[in-house]
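Notes follow the structure.
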Amino acid sequence: MQPVRHVYVHVPFCPRICPYCAFSVLPADRRQMSPLVDAILREKKTVSKLCVPLPETLYLGGGTPSALPTRELERLLIGLLPVSTGAELTLEMNPTTVSREKAALLHSMGVNRISLGAQSLDAETLSFLGRQHTPELIRRSVKILRDAGFCNINLDLIFGSPTESLEKWMRTLEQAVGMSPEHISAYQLTVEEGTPFAQKLSAGAWVQNEDEDAKKFLETGKFLESAGYGQYEVSNYAKLGFESRHNQAYWRGEDYLGLGPGAVSTVGSVRWTNPTDLLHYGGSVTPEAHGKSGQEILTPEMRQKEKLMLGLRTAGGVVIESGWETALADLLEAGYATENQGCWKLTREGLLRADSIAQLFF
Ligand code: SF4
């Protein structure tokens, strides 16, 4: 088994929990931050034999890693470093947690990619999404990050809010492009069970407009492409050379280690999910207990199918072995896919239906 080259670190704290969020998150509580950093660093030691000494990508996500106080953020990074020369080191930030002090610290410690949870540049939509920041704060955050020296910034955006017409969404995209980020992620708002949004939706507070969402998806691809951002995965667009290396490793089906509460790891034929509860997580990072929680054994066929499903969502496409001729012929005829020497790629219309197309192969 090859040592793992990609590491994800989950910091679950957020200044406020968004009503659509289905991630493993906790309201920011300063008293819990230092013990969490200690536990993550203990976990890193525990898994060190599974990982290359110098990872090629390190991604701190959550949650909101930038919700950690500067001192804890510094301690966490010191404990996680070093990474290999030329490694991609990403940290997710929320505009309400961007400060000159944190930006300077992160840059000086080698963080070279920031993913900013902007979500929208429309004030009404930000308020619908329960976000505390304003469009102005997003612009200020980008300026602070640029001033600190960051030259690889992603803006995370969400479309599909009922407050947002197609025109409003396109204005958000125009304003996002106006800030010249190197990368844009544009996710469709999905209402997950158990969230406050799911309750509101079932109470009839609004209805989801699938036709309009499909239009937004298709127009997003066209607009961003014309602005110089290639769509290299269903929801991800980048200027050439700024595609996320960490996420591409997931989509190629490579192994990864996930540190932190609720983080998932996949190494060879084993996948495990750390406990989400901080106390249980803290107790699970010892060599004896680690990796036992939420453990799943993956057969080579299961990993192969995952690879196919993830690869179909990317611009690079996937090589599909024979046995699926009928399904593939239907995709070609509908204009949802193209084929070149056995490599299948979905068209933009196909990417719109990527989830249901992937089901054809299961
Ligand atoms: S900031 Fe992101 S991770 Fe945190 S609650 Fe909101 S959606 Fe969830």
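Order of listing sets the numbers, starting from 1, for every ligand and every atom in it. Given the structure is predicted, the values throughout are model-derived calculations rather than measurements.
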_To check you understand the geometry: which heavy-atom pair defines the closest contact between Gly317 and Cys343, and what is its length?_
C-SG, 4.3 Å

*asked:* Looking at every non-hydrogen atom in both residues, tell me the closest pair between Pro135 and Leu121 and how far apart they are.
replied: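 It is CG-O, 3.5 Å.
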
*After noting the C-alpha distance and the side-chain angles of Tyr250 and Tyr256, does the key distance pass the ring-ring contact (aromatic ring centres under 6.0 Å, His included) rule?*
CA-CA 8 Å; Tyr250 284 138; Tyr256 54 88; 4.8 Å; yes

*Check against ring-ring contact (aromatic ring centres under 6.0 Å, His included), Phe197 and Phe128*: CA-CA 10 Å; Phe197 265 20; Phe128 170 79; 4.9 Å; yes

*Among the clusters formed by ILVMFWY side chains lying less than 4.5 Å apart, do Val37 and Leu73 turn up in the same one?*
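Yes, because Val37 and Leu73 connect within a single hydrophobic cluster, where side-chain heavy atoms sit under 4.5 Å apart.
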
*Connected via hydrophobic side-chain network under 4.5 Å: Tyr237 and Tyr187*: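 As far as the 4.5 Å side-chain criterion goes, Tyr187 and Tyr237 are not connected within one cluster.
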
*Everything protein-side that's N, O or S and under 2.8 Å from atom 4 (Fe) of ligand 1: list it, residue and atom.*
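Metal shell, protein only: Cys14 SG.
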
_Please compare Arg131, Met93, Glu92 and report which has the shortest non-hydrogen distance to atom 1 (S) of ligand 1._
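It is Arg131 that holds the nearest heavy atom.
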
